[in-house]
Amino acid sequence: MTTPSVLIVGGGLAGLAAAVALVPRGYRVTILESRPRLGGRASSFSDPVTGQLVDACQHVSMGCCTNFAHFCRTIGVGHFLEPQRTLWFRTPDRRTSPFRSDPWPAPFHLGRALAGAHYLTTTDKLRIGWGMLQLLRESPEADPPALEWLRNHRQNARTIERFWGVVLTSALNETVDRVGLKYARKVFVDGFLRHRDGFTVHVPTVPLGRLYGEEMRGWLNAHSVEIRENCGVKAVRSPRTNVRGQCVALRDGSEMCADAVILAVPFDRVLDLLPAEIATQPFFTRIANLAPSPITSVHLWFDRDITLLPHVVLVDCVGQWVFNRGNGYVQVVVSASYDLKKQGRENIESIIVTELARVFPHSANLLRTKVVTEHTATFSAVPGVDAYRPTQATPILNLFLAGDWTRTGWPATMEGAVRSGYLAAEAILAAHGRPETLVQPDLA
Ligand SMILES: Cc1cc2nc3c(=O)[nH]c(=O)nc-3n(C[C@H](O)[C@H](O)[C@H](O)COP(=O)(O)OP(=O)(O)OC[C@H]3O[C@@H](n4cnc5c(N)ncnc54)[C@H](O)[C@@H]3O)c2cc1C
């Protein structure tokens with residue numbers, strides 16, 4: 001029997017996770033990646049001044065991201081993710097509240113942390129507690145506008161802005177007035193209510209470019225995965241009766257075929273790669289309804305550290321997360337940066353620099369800055385968004401999809417991307433008569 005082969009188009013986390021799942025199950029895997037590096041959106045760049053590898057945007061994971069954790073353990077990079085047992089919330093008046101769990105059973109483990117939040121009144125905290133209980137009672141599939149739901153469940157402007165909005169905007173990369181309840185509920189239930197370790201934020205101690213670069217490459221090479229970088233796919237070929245499996249046309253004019261093809265490209269690329277007779281099928285046309293949401297990260301290099309805290313979650317500020325990467329280098333992340341990105345680079349810099357000076361009184365000198373806006377950072381988790389997210393198995397024989405935007409039950413995250421890769425591998429195994437569950441269970 002010949003070894004079954006799979007072509008994976010796209011070397012982001014979804015494609016990489018599919019490869020990591022399929023290789024040990026006897027598949028010959030080739031990854032075709034148009035860029036000169038792996039990792040997709042989870043990437044780093046080389047700082048021209050220091051030569052330091054710097055993440056285009058800091059990526060973090062959470063304790064509830066069990067598939068991402070499994071993927072990292074499998075490729076041997078799990079030890080590069082540092083759990084932050086305490087989250088530091090700070091307001092412009094420079095007051096800081098630690099948010100950490102107590103050794104009490106969920107959902108009570110965060111009760112004391114919420115009670116200690118200086119930026120909420122006692123009544124606000126009771127409102128939030130009541131809202132959380134109502135969320136637990138809500139159907140996991142209900143997806144009305146989250147803002148409407150919050151208002152209907154006794155949340156006021158302050159709890160929405162200073163609590164629900166702060167968490168949701170960072171976790172879903174969308175503003176509270178645009179998101180649907182389904183994923184908003186998921187963030188709070190999986191992250192805060194279900195398990196004591198769910199909310200723990202895991203921050204990589206090395207750049208993403210190393211995690212998904214040399215470390216990833218080491219695993220793939222050791223497992224005989226063929227990696228072709230600078231290898232853009234132009235189109236998926238129309239199915240042909242004389243060819244077993246599925247073929248793709250490369251931008252260099254050549255063609256490659258395999259028993260199965262996984263398209264693991266971003267949602268705004270996938271339809272352009274499909275022949276018209278496939279792209280016009282309703283299964284695929286609905287992908288066009290997915291809309292992008294931007295993230296802006298502002299990199300600042302000072303001549304010394306401006307805070308000793310490893311990170312800070314900002315409340316009532318433009319910046320949302322400040323990551324202190326040491327030696328005076330900080331990164332400020334603004335998710336769903338629709339308004340900010342219109343301001344232009346110089347204004348963005350000045351807004352963030354002024355805000356940092358107010359929130360962290362310091363005497364450090366600013367050496368330089370860099371603003372990076374990713375316009376299509378993630379899909380927008382609007383109400384009913386799952387109707388536009390296709391499954392990994394498609395109606396086309398031997399053609400599969402992967403990507404954080406496919407139907408995973410998760411928002412657009414590294415966890416969602418890895419899940420999609422595992423689900424695509426499950427779909428291939430099932431199509432080959434070898435069904436197996438690869439998706440990892442939730443925290444127990
Ligand atoms: C600024 C920013 C911050 C983020 N922060 C977080 C965070 O803190 N935590 C978190 O969990 N998630 C975060 N995310 C989301 C996370 O990065 C994504 O969910 C995840 O990386 C998506 O992986 P993917 O494989 O689905 O897609 P991608 O990473 O987009 O991979 C797709 C790959 O396909 C390649 N490709 C495209 N077209 C072709 C073609 N024609 N031929 C060959 N290859 C092609 C692309 O070059 C790319 O490498 C963030 C995203 C951004 C942009």
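Whatever order the structure lists ligands and atoms in, that order sets their numbers, starting from 1.
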Please confirm whether [X] comes within less than 3.5 Å of ligand 1 when only nitrogen or oxygen atoms on both sides are compared.
{"X": "Gly232", "result": "no"}
{"X": "Thr378", "result": "no"}
{"X": "Leu13", "result": "yes"}
{"X": "Glu415", "result": "no"}
{"X": "Val60", "result": "yes"}
{"X": "Glu374", "result": "no"}

Do Val371 and Thr296 pass the side chain to side chain contact (heavy atoms under 4.5 Å, CB included) test, and can you show the C-alpha distance, the side-chain angles, and the key distance before you say yes or no?
CA-CA 7 Å; Val371 177; Thr296 298; 3.8 Å; yes
Residue pair Asp190, Trp410: steps toward the side chain to side chain contact (heavy atoms under 4.5 Å, CB included) verdict
CA-CA 11 Å; Asp190 288 19; Trp410 271 71; 3.8 Å; yes
Can you pull out the closest protein heavy atom to [atom]? Residue, atom name and distance to 0.1 Å, please.
{"atom": "atom 31 (O) of ligand 1", "answer": "Gly12 CA, 3.4 Å"}
{"atom": "atom 36 (N) of ligand 1", "answer": "Ser34 OG, 3.6 Å"}
{"atom": "atom 30 (O) of ligand 1", "answer": "Arg41 NE, 2.8 Å"}
{"atom": "atom 19 (O) of ligand 1", "answer": "Asp404 OD2, 2.7 Å"}
{"atom": "atom 1 (C) of ligand 1", "answer": "Cys57 CB, 3.3 Å"}
{"atom": "atom 41 (N) of ligand 1", "answer": "Val233 O, 2.9 Å"}
{"atom": "atom 32 (C) of ligand 1", "answer": "Ala264 O, 3.4 Å"}
{"atom": "atom 12 (N) of ligand 1", "answer": "Met414 N, 3.4 Å"}

As a quick check of understanding, evaluate side chain to side chain contact (heavy atoms under 4.5 Å, CB included) for Val203 and His311, giving each step before the final call.
CA-CA 10 Å; Val203 182; His311 67 261; 5.6 Å; no
Can you list the atoms of ligand 1 that are under 4.0 Å from a heavy atom of [X]?
{"X": "Gly40", "value": "29 (O), 31 (O), 48 (C), 49 (O)"}
{"X": "Gly403", "value": "26 (O)"}
{"X": "Gly10", "value": "33 (C), 34 (O), 35 (C), 44 (N)"}
{"X": "Val9", "value": "42 (N), 43 (C)"}
{"X": "Ala412", "value": "19 (O)"}

For [X], which part has a heavy atom under 4.0 Å from ligand 1: side chain, backbone, both, or neither?
{"X": "Leu32", "answer": "backbone"}
{"X": "Arg251", "answer": "side chain"}
{"X": "Ala14", "answer": "both"}
{"X": "Ser420", "answer": "neither"}
{"X": "Ile295", "answer": "side chain"}

Do the charged groups of [X] and [Y] touch, with an N to O distance under 4.0 Å?
{"X": "Arg389", "Y": "Asp386", "answer": "yes"}
{"X": "Arg162", "Y": "Asp316", "answer": "yes"}
{"X": "Glu141", "Y": "Lys182", "answer": "yes"}
{"X": "Arg419", "Y": "Asp442", "answer": "yes"}
{"X": "Arg41", "Y": "Asp404", "answer": "yes"}
{"X": "Asp47", "Y": "Arg368", "answer": "yes"}
{"X": "Glu436", "Y": "Arg434", "answer": "no"}

Tell me whether [X] reaches ligand 1 (any heavy atom closer than 4.0 angstrom to a ligand atom).
{"X": "Pro266", "value": "yes"}
{"X": "Gln58", "value": "yes"}
{"X": "Arg37", "value": "no"}

Heavy-atom proximity to atom 37 (C) of ligand 1 ranks first, among Asp268, Val265, Asn173, Asp272, for Val265
Closest by any non-hydrogen atom to atom 16 (C) of ligand 1: pick that one out of Arg269, His59, Glu33.
His59
If the plane angle is over 60° it's perpendicular, under 30° parallel, otherwise tilted; pick one for His299 and Phe45.
perpendicular
In terms of ring plane angle, is the pair Phe188 and Trp164 parallel, tilted or perpendicular, where the classes change at 30° and 60°?
perpendicular
More than 12 heavy atoms of other residues, nucleotides or ligands under 6.0 Å from NZ of Lys234: yes or no?
no
Tell me, with the steps shown, if Tyr422 and His70 meet ring-ring contact (aromatic ring centres under 6.0 Å, His included).
CA-CA 11 Å; Tyr422 286 0; His70 175 267; 5.6 Å; yes
So Leu120 and Leu114, side chain to side chain contact (heavy atoms under 4.5 Å, CB included) or not? Walk me through it.
CA-CA 9 Å; Leu120 297 165; Leu114 178 64; 4.1 Å; yes
Inter-residue atom distance Met62.CE - Leu443.CG, 0.5 Å rounding:
10.0 Å
Closest non-hydrogen atoms of Gln331 and Ala56, given as atom of the first, atom of the second and distance, are OE1-O, 4.3 Å
